Amino acid sequence: MTKDLEHQFVTELEHNQNIVHKVCTLYTNDRDSHNDLFQEITIQLWKAYPKFRGESKFSTWMYRVALNTAITLYRKSKKSIPTQDYESVMFKITADEYDPTEEQQLKLMYNAVRQLGDVDKALVFLYLEDKDYREIAETLGITEVNARVKMNRIKNKLKTILNP
Amino acid sequence: MMDELELLKRDWQKNDKKLPQLSFDEIYKMIWKKSSSIVKWIFLISIIEFLVPHLLYFLPSMSKNLAVWKDLGLGNFLLISNVVQYTVVLFFIFQFYKRYKEISTLDNAKKLLSNILKTRKTVKYYVIFCLSLIFISFIVMAVGIYLNEDPMAAMGYSYQPENISREQLKTTLIATVVVLGIVVTLVMGCIYFLLYGILLKKLKKNYKELKDMDI
């Protein structure tokens with residue numbers, strides 16, 4: 001029984017691991033911290049798994065636990081220093097036709113997003129993952145209206161960074 | 001001009017291929033690793049905080065101290081304070097356990113943060129209670145010395161200084177005990193609040209951010 005559960009969990013996580021990796025890239029600055037956070041999220045997901053049992057989609061549930069771990073439970077994020085190789089792997093720009101302006105813009109934006117606070121980052125992350133405001137609000141525990149207001153503020157902030 | 005964030009979103013969703021990929025076995029190994037989450041730290045530190053004052057009684061010097069209390073005529077105070085202390089400690093442990101159990105990563109971020117901070121508050125009140133008890137003990141000891149005819153003998157010293165009067169000795173003893181009480185309480189308080197201050201800085205900041213959003 002336990003073996004089944006383990007197998008089922010690891011299989012599902014293996015399929016959906018991109019979500020966790022994306023959270024890790026946003027909240028950490030180097031590869032070691034990335035792996036650290038990934039491991040902590042995995043542990044928290046596994047601990048919560050018996051309580052999950054298919055009430056919502058596996059991925060929906062993952063977003064919540066992963067972000068909660070990054071925002072509240074994870075301890076080491078602040079001290080690490082960004083390393084060049086990590087940045088270039090994670091945020092290599094993928095513009096289809098090489099467009100120097102667009103590449104420059106994206107670079108600036110990724111940098112700007114990474115400088116946001118933990119909570120703002122979570123908001124942007126869910127937005128980038130195409131979640132609607134209702135889900136964003138539910139994940140963070142704020143009202144939908146306030147999630148919208150906050151997101152607009154972040155958008156404006158990014159705008160000023162790009163067009164000083 | 002196109003919304004900057006839409007541009008970012010488009011790029012973000014194309015990024016999947018560049019992310020690291022872990023194998024089934026790698027993930028499987030991870031689920032058996034030990035968590036190093038803040039909640040676990042708070043839990044461990046709290047357990048230590050609940051235990052340490054009680055373990056101290058097992059030290060030989062502490063048992064000797066207990067005898068001093070009796071000799072100073074403070075046995076009753078000791079008994080009453082122990083009864084009060086253990087009642088309160090049991091209450092705190094119950095409260096702590098109840099709140100600790102409420103912490104779930106399945107809650108939304110705000111609720112989770114609030115639950116962790118509440119659990120932590122229980123420990124904070126417990127520590128304030130313990131610190132007060134320590135301080136009161138020192139004060140009561142000072143009063144005991146004041147009321148005692150021969151405090152040096154009561155503390156187990158037969159030594160009788162010649163060039164200092166009994167009154168002066170008493171005053172010095174009382175002053176020492178009071179100063180010691182203040183220093184011990186302050187030092188322990190500082191260590192404690194520093195420890196938690198560091199541990200909870202991020203949580204408090206994020207909780208405040210979420211709370212401010214809803215104002």
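Note that the coordinates shown come from a computational prediction; the quantities given were computed from them, not determined experimentally.
Only the side chain of A:Met151 comes within less than 4.5 Å of a heavy atom in chain B; its backbone stays farther off. The parts of A:Thr143 that come within reach of chain B are both its backbone and its side chain, each placing non-hydrogen atoms under 4.5 angstrom from that chain. Both the backbone and the side chain of A:Gln39 come within less than 4.5 Å of a heavy atom in chain B. Both the backbone and the side chain of A:Leu140 come within contact range of chain B, each with at least one heavy atom under 4.5 Å from a heavy atom of that chain. For B:Gln21, the parts lying under 4.5 angstrom from a heavy atom of chain A are both the backbone and the side chain. Looking at B:Lys111, neither its backbone nor its side chain comes within 4.5 Å of chain A, counting heavy atoms on both sides. Residue contact with chain B, scored on non-hydrogen atoms closer than 4.5 Å, is absent for A:Val149. Looking at B:Ser114, there are no atoms closer than 4.5 Å to chain A (heavy atoms on both sides), in backbone or side chain. Only the backbone of B:Asp107 comes within less than 4.5 Å of a heavy atom of chain A; no side-chain atom from C-beta onward does. In this structure, chain B has a heavy atom under 4.5 Å from the side chain of A:Phe9, while its backbone stays farther away. Interface remark: B:Lys40 contributes no atoms to any contact with chain A (heavy atom separation under 4.5 Å).
Classification of the B:Trp12-A:Phe125 ring pair by plane angle, with boundaries at 30° and 60°, yields perpendicular. A:His34 and A:His21 have parallel rings, their planes meeting at less than 30° on a 0 to 90° scale where 60° marks the start of perpendicular.
Comparing B:Ile116, B:Leu203, B:Thr105 by heavy-atom pairs within less than 4.5 Å of chain A, the highest count is held by B:Thr105. Of the listed residues (A:Lys150, A:Lys47, A:Arg153), the one with the most heavy-atom contacts under 4.5 Å to chain B is A:Lys150. The choice from B:Tyr207, B:Trp32, B:Phe24 that makes the most heavy-atom pairs within less than 4.5 Å of chain A is B:Phe24. Annotation: maximal heavy-atom pairing with chain A below 4.5 Å, among B:Leu22, B:Ile27, B:Leu112, B:Leu113, occurs at B:Leu22. Annotation: maximal heavy-atom pairing with chain B below 4.5 Å, among A:Asn18, A:Ile43, A:Leu128, occurs at A:Leu128. For the options B:Val39, B:Ile38, B:Ile42, heavy-atom pairs under 4.5 Å to chain A are most numerous at B:Ile38.
A salt bridge is defined here as a Lys NZ or Arg NE, NH1 or NH2 lying under 4.0 Å from an Asp or Glu carboxylate O, and A:Lys22 with A:Glu129 meets this definition. A salt bridge does not link B:Arg99 to B:Glu102: none of the charged side-chain nitrogens sits closer than 4.0 Å to a carboxylate oxygen. Of the charged side-chain nitrogens involved, at least one lies within less than 4.0 Å of a carboxylate oxygen, so that B:Asp212 and B:Lys208 count as a salt-bridged pair. Salt-bridge formation is detected for the pair A:Arg134/A:Glu138: a Lys NZ or Arg NE/NH1/NH2 atom is positioned less than 4.0 Å from an Asp or Glu carboxylate oxygen.
Ring pair B:Tyr125/B:Phe129: centre-to-centre distance not below 6.0 Å. A ring-centre distance under 6.0 Å is found for B:Tyr100 and B:Phe43.
Once rounded to the nearest 0.5 Å, the distance linking OH of A:Tyr74 with CG of A:Leu67 reads 15.0 Å.
Two residues are said to be in side-chain contact when any heavy atoms from C-beta on lie closer than 4.5 Å; B:Lys124 and B:Arg120 meet this criterion. For the pair A:Leu13 and A:Met62, the minimum side-chain heavy-atom distance is below 4.5 Å.
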